[in-house]
Number of protein chains: 2
Amino acid sequence: MNRKIAARCLAELGNLTRLDIYRLLVRAGPCGLSITDIQTRLDVPASTLAFHLRGLVGSGLVTQEKIGRTVICRAQYERMDGVVAFLREHCCEGFETDLAASTTRRAS
Amino acid sequence: MNRKIAARCLAELGNLTRLDIYRLLVRAGPCGLSITDIQTRLDVPASTLAFHLRGLVGSGLVTQEKIGRTVICRAQYERMDGVVAFLREHCCEGFETDLAASTTRRAS
DNA sequence: GCTCTATTTCGAATATTCTAGAAATATGGT
DNA sequence: ACCATATTTCTAGAATATTCGAAATAGAGC
């Protein structure tokens, strides 16, 4: 995980339509849902849906498997876990040297 | 937590500059960092920083406390926790009825 | 090979976000 | 009152994202 991938994933989920799609897939679990299923449940035009799915897949948050002419989409939990871990990384660790130089000093 | 707030938070963190700011604050912990500290560490113009901080504060991911003329910023961990919980909500729960009607059926 | 269904690409209009200089405001110290 | 520092607002140009109809592609079944 790195800054760019994390930002990309977060930005993808930062759109209401994509968030709805993603949550639908999280709920669906390992079986996933076909694109048509998603379309039916969320009532989004096919081209709009394709646009958003491209983003989710491109960020690694969703994977797709083509079976015949239908595409099954699944939430890739590991990706999201990685992003969350990245956000919590170094929590409360503070910084090296500059406690003395920092404007932040208050208890000195 | 609801869709809109979650999407807002995720979108805020979906920008590289804001992600850097947020991670810096997570790392800084409860003491937080002044805006000048953030500016120094990330090398972002003051007006740009103000723009991004407004977003982070507006979404509830960051709080601010004014002490004299300096503003201390802190990561609001609870907010992020709420967003993460929301993303995982109903995981693998599936859907009501339509197992039979769904295009998704495969093992029938 | 035709036809129906599933999905993607194209294209263009619209909307939103990002950037950063310049000016304004706020506050502390002298 | 004045000056230096901290931060915000204003503004506007540039860059990106979103929407969705129409047309294109891909595969299944007859």
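Remember, predicted model here, so these are calculated numbers, not experimental data. Just so we're on the same page: letters track the sequence lines, and every chain starts at 1.
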How long is the line joining CD of Glu65(B) and P of dT27(C), in whole Å?
15 Å
N or O in side chain of His52(A) less than 4.0 angstrom from dT19(D) OP1/OP2
yes
Which of the following nucleotides, dT7(D), dA22(C), dT7(C), is nearest to the side chain of Thr70(A)?
dT7(C)
Residue Lys66(B), side-chain atoms from C-beta onward, closest of dT27(C), dT7(C), dG21(D)
dT27(C)
Select from Ala11(B) and Gly68(B) the residue whose nearest nucleotide in DNA chain C is closer to the 5' end of that strand.
Ala11(B)
To the nearest Å, give me how far apart CG (Asp37(B)) and C1' (dT5(D)) are.
14 Å
Which nucleotide wins on minimum distance to the side chain of Phe51(B), given the candidates dT8(C), dC18(C), dT7(D)?
dC18(C)
Do Leu61(A) and Phe51(A) land in one hydrophobic cluster if side-chain heavy atoms of ILVMFWY residues count as linked below 4.5 Å?
no
Distance under 6.0 Å and angle within 45° of the ring axis: does Arg23(B) meet both against Phe86(A)?
yes
Which heavy-atom pair separates Gly55(A) from Arg8(A) by the least distance, and what is that distance?
O-NH2, 3.4 Å
CG of Asn2(B): more than 12 outside heavy atoms within 6.0 angstrom?
yes
Kindly say if Arg69(A) contacts the phosphate of dC4(C), meaning a side-chain N or O under 4.0 Å from OP1 or OP2.
no
Of all the choices, dC20(D), dT9(D), dA6(D), which nucleotide is nearest to the side chain of Pro45(A) once you look at every atom?
dC20(D)
Ser47(B) side chain: which of dG21(C), dT9(C), dT8(D) is closest?
dG21(C)
Ile38(A) atom CD1 is separated from dT7(C) atom P, nearest whole Å, by 9 Å
Is the charged tip of Arg41(B) near the ring of Phe95(A): under 6.0 Å from the six-membered ring centre and within 45° of its axis?
yes
N/O (side chain, Arg18(B)) to phosphate O (OP1/OP2, dT17(C)) under 4.0 Å:
no
Options dT7(C), dC20(D), dT7(D), nucleotide nearest the side-chain atoms of Ile35(B):
dT7(D)
Whole-Å distance, Gln39(B) CD to dT5(D) P, equals 13 Å
For Thr48(A) and dC20(D), is the shortest distance between a side-chain N/O and OP1 or OP2 below 4.0 Å?
yes
Nearest whole angstrom, please: distance from the P of dT18(D) to the CG of Leu16(A).
11 Å
Does dC18(C) have its OP1 or OP2 closer than 4.0 Å to a side-chain nitrogen or oxygen of Asn15(B)?
yes
Atom pair distance, as rounded to whole Å: CG in Leu10(B) and P in dT17(C)
15 Å
Return the value, rounded to whole Å, for the distance between atom CG of Leu53(B) and atom C1' of dC18(C).
14 Å
Whole angstroms only, please: what is the CG-P distance between Leu49(B) and dT8(D)?
8 Å
